[in-house]
Amino acid sequence: MVLPEMADGGHAEVAFFRDDETGLECIVAIYDADRQPAVGGTRMYDYASEAEALEDALRLSKAMAYKTAAAGFDEGGGKGVILGDPATDKDEALLRAYGRVVDGMRGSFHTGVDMNITTEDVSVMGTETSYVGGTEGGRLAERTARGVVAGMRACLREQYGTASFADVTVVVQGLGKVGAPLAEQLVDRGCRVAVADLDERRVDELTARHDVGVVDPDAVYDEPCDVFAPCATGAVVNDRTVPRLQCDIVAGSANNVLAEDRHAAALEERGILYAPDFVVNAGGLIAGLGGTLGLSDAEIDARIDDIETRLEEIFERRDREDVSTAVAANRYAEDRM
Ligand code: NAI
């Protein structure tokens, strides 16, 4: 049953599409009826069931709606999911068919990269529709890292009374498109940085160029530091890891950092400040949307740096309303929807 699930999440629209010729099966979820267009990436995944794919589309489109609102944009949240194994089912015909699906939505949904959909794949979709973007890839991730740095400044001021990175130690989990430039930006600011990645080549690449420490991926939660920056997968703050964390701040790019919203309160009980993920990781979104709105690079960077002020407002709201930072961030976004 789709409508009850939509009602639970507050979603406005869910559309299912299939195409005999290419085998395409996909779902597009749009969160808000009155904030158009909906923006959000498209992912491809070999879901165990249609229900699991629908759940992903609903969850991710809602998260995008909160992210765009918190970042000060009028656009709403959307998400596309393509059901299938990216290793065997993804080809040009399928991506073009998906491009036609997006085009058929006549601009109500604008999409780009996400898990298992690369900038090259988006370029292929773009042969069928103009409602795709973000094909510049790396720069968006670098700007996501810039936004995380801005968010960390607000967190440092909140915890230590100064936004200086001198003498601050940050542990970066995941050295991918965001984690690697984040580590570099932090080193440039005089920060002590330690890194962890399951892929040793990523660690080797960074340590060859920078004086950073290395942490075993399994020991990352036990490593004493000022800031833990999760930049890999989601749900890393959970019942098992909260008691282990040896940091004062959790601020990173990963989406859905908290296994559940209650883990923000669990962190705060331990005196650890949590920077809500969708606020602190909005740099790439701001760059992508800012580009389509015709903002200059300097204007985009200024808007990304505003993440610092946005977080300060959220911390004030947390104090005023006596809630966790996660709840305060949700309310902050809802006020702007
Ligand atoms: P990526 O796929 O380029 O990099 C992820 C890295 O994490 C990989 O090097 C992987 O080996 C490593 N990793 C995975 N599990 C790990 C673990 N348990 N311990 C240590 N390392 C691990 O991903 P990307 O683009 O850098 O994104 C990172 C996170 O930030 C994701 O959660 C993503 O959803 C989020 N995000 C990314 C944005 C972007 O601009 N790329 C924008 C907003 C959020």
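These numbers come from a predicted model, not from an experiment. Just follow the structure's listing: the first ligand is 1, and inside any ligand the first atom is 1.
Side-chain atoms of H263 and D239 form a donor-acceptor pair, as typed in the model, at a separation below 3.5 Å.
Checked by distance only, ligand 1 and T233 stay at 3.5 Å or farther apart across all their nitrogen or oxygen atoms. By the 3.5 Å distance cut-off applied to N or O atoms, A232 is counted among the residues near ligand 1. An N or O contact shorter than 3.5 Å links V178 to ligand 1 by distance. At a 3.5 angstrom cut-off on N or O pairs, R202 counts as close to ligand 1. Ligand 1 has no nitrogen or oxygen under 3.5 angstrom from a nitrogen or oxygen of N281.
Under a 4.0 Å heavy-atom criterion, K67 is in contact with ligand 1. Within the structure, ligand 1 has C231 among the residues with a heavy atom less than 4.0 angstrom away. No heavy atom of G284 sits closer than 4.0 Å to any atom of ligand 1.
The side-chain tip of R336 points at the ring of Y332 from less than 6.0 angstrom away and within 45° of straight on.
For ligand 1, the atoms sitting less than 4.0 Å from at least one non-hydrogen atom of A254 are 29 (C), 30 (O), 32 (O), 35 (C), numbered in the order shown with element in parentheses.
Side-chain atoms of Y98 and D121, non-hydrogen and from C-beta on, never get closer than 4.5 Å to each other.
Look at R43 and D56 and you find a salt bridge, because one of the NZ, NE, NH1 or NH2 atoms lies within 4.0 Å of a carboxylate O, short of that distance. Ion pairing between K90 and D85 fails under the 4.0 Å rule for side-chain N and carboxylate O. A salt bridge is absent between E142 and K177: the closest approach of a Lys/Arg side-chain nitrogen to an acidic carboxylate oxygen does not fall below 4.0 angstrom. Electrostatic pairing of D20 and R18 counts as a salt bridge here, judged by a charged N lying under 4.0 Å from a carboxylate O.
Relative to atom 16 (C) of ligand 1, the option among D277, L198, V195 with the closest non-hydrogen atom is L198.
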